[in-house]
Amino acid sequence: MLVQEIYDNLKEKFPEAVLEFIGTATGDPSTVVDAGQIYNICKYLRDQDGLEFDYLALLSGMDYKDKFGTVYHLYSLKYKHRFVIKTYLPKEDPSLPSVERIWKTANWHEREAYDMFGIKFENHPNMIRILCPYDWEGYPLRKDYVGQETYHGVRIPV
Amino acid sequence: MERKFIEYDFGRVDSERMRLNVGPQHPSTHGVLRLEIELEGEIVTDVIPHIGYLHRCFEKYCEQMQYPQVIPYIDRLDYIASMNNEWPFVMGVEKMMNIQVPERVEYIRVIFAELNRIANHQIAVATFGMDAGAFTPFLYLFRDREMILNLFEHTSGARLLYNYFWVGGLAHDVPPNFKDTALNIIKTVRATNEEVMRLLMGNKIFVERTVKVGILPADVAINFACSGPVLRGSGVEWDLRKAQPYSIYDRFDFNVCVGSNEIGVIGDSWNRNIVRMNEMEQSCRIIEQAIAQMPNEGDVREKFPKKVRPPKGEIYCSAENPKGELGFYLVADGGNKPFRLKSRPTSFVNLAVLPEICKGYMVADLILILGSIDIVLGEVDR
Amino acid sequence: MGNFVFDLIGKNIVAALVICIIPLVFILPYALIAILGELKIGAWMQDRVGPMRTGWKGVLQPVAEVVKLLQKEDITPTIANKPLFNLAPFIVFIGAFAAFAVLPFSEKFIPSGINLGLFFVFAVGSFAVIGIVMGGWASNNKYSLLGAMRSVAQIISYELPAGMVFLSIATIAGTLDMQTIILNQSGPIWNWYIFGGPQGGAIKFLFIPFFVILFIVYLISSLAETNRTPFDIPEGESEIVAGYHTEYSGMKFAMFFMAEYANMYVVSAIIVILFLGGWSSPFGTSFMDGPIWGIFWMVGKAFFFVFVQIWLRWTLPRLRVDQLMYLGWKVLLPLSIACFMAIAFLAMIN
């Protein structure tokens, strides 16, 4: 199925939650959805006949300077089509539902997004840091990140 | 006083569980991976991977580097298959900038990527054998890998971290005797693979050790978004080279190898490795065809852009790495540095499935299952 | 041999010490040769050259390694149980060393010709288990503990089939004295117990398969008892780091190492004594036979089996614990019991 068709299908099912379709001249088109509805939308995308996005290739956290976001890259192994979903999150206390129960692979990806951007995923079974030490301060991939000066008394080289 | 009833279960002896840290310094964790495991006797009841010992925030680095400067950092992700690592990034930037690379470059890229796939699978099978205690096949495979690395060294000047695929072309042209050397390598690889099939994969003890160990059903594998031999070992025919042909892979005749029920059970450790063994043969076939079709003349640098400055936009470009799908999600803001470069690290995703498949097996099996997933910590931790 | 020394020096403490040291005269050069063999045979099988720097073609490498081990710091973990930790390597080594007291080298050359030789070897062979479990437990390391537990389970399980093999040969030979067992097999090559022994006449050909099975059973059990591949589970380096000797370093580690090599010779010698005629010449009593040639045959045959162990180490992967137990209890033990009964029958009709 083409991306446009999938978008239309989704728009019909979730008229309020699906916000915007971004088609660019270069690169992949994507669909912006309401962050609060992400769990329902993803569940629909996985279970609906004809869509069956059973493979979450990548879940990325984003910092757009004025807002945060998450990006989901989906495949369907059966129909071999791809789809990209985006959410935008406020700068203060970003949080959205976890999709860990839909795709298990989201577990580590969401932990990474939390580790790097401080985006909280609700209903995640184990929302702790993954790559940085468990007691690290700050979220390194934020654009306004300023690193710790010392860690356990050891000076961190800049 | 309240009377307590004590029930005896004679089938099972209650024992104290032991928590054991396997790693970060352990001979067979393939790097600095720490597995916190809970043991009941020898049976593994729980596994918690702790990663990040090699974390260097590669993605943060990339935001401060110009596009060509990112490539050496990408080499250091999966340092065993650097040629393959560079490809999806370079391809993504080329797609955004609308560069059509010359034919000859495409062929050379395919040949090098497939040679590196062979080298990677050789290490994967060799270390897997060593985890099981077979040391000799390890050295046989490393001996052959040396030939591939020598060719890479002749071409790019480096043995491990090549920085060879550049946006729009290649860093250098191939050496004059390139075709003969590559064909010679294939011949040796085939001969050794036959030997390893008999010495290791067909060995009764090895088969007993690996068959029905760490069974990963297909639906679980897909749900965990496993890719590469881990996914194909579970019988899912998914190879990006066939599923979404990139570059010139649609011109070659090769098979997607999947696990079977012949010796083991679909999705067990043995199947994951036989897929790797078979894939080496398929890579050899691709290289043979590519060498036959490759144009002899052409400048590999002719399509180099003056400035690497992709327009505003975003792209997710992925390629079939030896370990699975490696993708880069590149967000460009029109400048000469990426706004955001997020990698889809194959080993990171594949490793997440480990706790799921090794509960109830023994410690010795845990090591084998870890070996069969074939991770590189440079990529897991980034 | 013991009596000879007593006659020479007189029955005093010095003579006893000299007798104790005699096996060392053999063990130390043997261990060096075996280590070199391990290095060079491994290299040859793996298409490498092996150590080349020390001495001509690297022949002095084992010496260099021993010197290195002697110089290394002797580390005892602070939380280890020190007396047991320090005692363990000695006990393991004593187990291997004591067996040499009764191993014959030729007709005339045996440190101590007791008439319970086979029983003695079997008894001191189990001695090593105590040392291993001591070292594993006292190290206060979980890997060591796992290795020690595996080792105990393994050695005790494999002593049963080995014991049945000893029993079968003792039954057919009618003695536990090694010299007598070897003397029984002297003469032509078909007098060896692997070919059914000297007794029996034509009917013994029916029983040859049982002897061959016993031989294979003992070969496998001996690998398990010496912790060699494919049964090196107690020290499987990819799983439990180094098993029971994880925490040992320097000379204490060297003693574990030496004990392993000494054990390799002991089990090889037992195989040769039980099945392959010990020091007797394969060409009958007339050719290349006698006390001096006896040493050659005995050591030569035993070295062949040491070579076999090295060969297997570089060829085979490692078994898993449950597969090891399965093999020991459900395959080797019933087989050896069946063979024992058949051979007991043969001994009865003779």
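A note on names: the letters A, B, ... follow the listed sequences, proteins ahead of strands, and every chain is numbered from 1. Quick note: numbers below take in every heavy atom, side chains included, and nothing from hydrogens, waters or symmetry partners.
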So which part of [X] gets closer than 4.5 Å to some heavy atom of chain A, the side chain, the backbone, both or neither?
X: B:Glu237; result: neither
X: B:Leu330; result: neither
X: B:Val353; result: neither
X: B:Ser227; result: both
X: B:Val331; result: side chain
X: B:Phe339; result: both

Hey, is B:Arg19 close enough to B:Glu36 for a salt bridge, meaning N to O under 4.0 Å?
->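 Yes, charged N to carboxylate O under 4.0 Å.
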
Considering only NZ, NE, NH1 and NH2 on the basic side and carboxylate oxygens on the acidic side, decide whether A:Lys86 and B:Glu314 come within less than 4.0 Å.
-> yes

Do you know which of [options] has the most heavy-atom pairs under 4.5 Å to chain B?
options: A:Leu59, A:Val84, A:Val71, A:Asp115; result: A:Val71
options: A:Met116, A:Glu112, A:Arg129; result: A:Glu112
options: A:Lys143, A:Arg46, A:His109, A:Lys65; result: A:Lys143

Is a side-chain N or O of B:Lys242 found less than 3.5 angstrom from the main chain of B:Phe254, in a donor-acceptor match?
-> yes

For the side chain of A:Trp103 and the backbone of A:Phe53, is there at least one donor-acceptor N/O pair under 3.5 Å apart?
->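 Yes: the side chain of A:Trp103 pairs with the backbone of A:Phe53.
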
For side chain to side chain donor-acceptor pair (under 3.5 Å), just list the numbers for B:Asn321 and B:Asn85, CA-CA rounded to whole Å, side-chain angles, deciding distance to a tenth of an Å, and then say yes or no.
-> CA-CA 7 Å; B:Asn321 240 34; B:Asn85 283 0; 3.0 Å; yes

Measure distances from [X] to the heavy atoms of chain B and classify the residue's part below 4.5 Å as side chain, backbone, both or neither.
X: A:Asp63; value: backbone
X: A:Arg111; value: neither
X: A:Leu141; value: both

Check step by step if side chain to side chain donor-acceptor pair (under 3.5 Å) holds for A:Asp54 and A:Tyr75.
-> CA-CA 7 Å; A:Asp54 47 5; A:Tyr75 287 170; over 6 Å; no

Name the member of B:Cys317, B:Cys226, B:Pro310, B:Gly327 that forms the most heavy-atom pairs with chain A at distances under 4.5 Å.
->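 With the most close heavy-atom pairs to chain A, the winner is B:Cys226.
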
Between the CG atom in B:Asp239 and the CD atom in B:Glu325, the distance rounded to the nearest 0.5 Å is 10.5 Å

Indicate the ring-plane relationship of A:His73 and B:Tyr329, choosing parallel, tilted or perpendicular according to the 30° and 60° boundaries.
->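 Ring orientation of A:His73 relative to B:Tyr329: perpendicular.
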
Is it true that the NZ or CZ of B:Arg34 lies under 6.0 Å from the centre of B:Tyr53's six-membered ring and within 45 degrees of the ring axis?
->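 No.
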
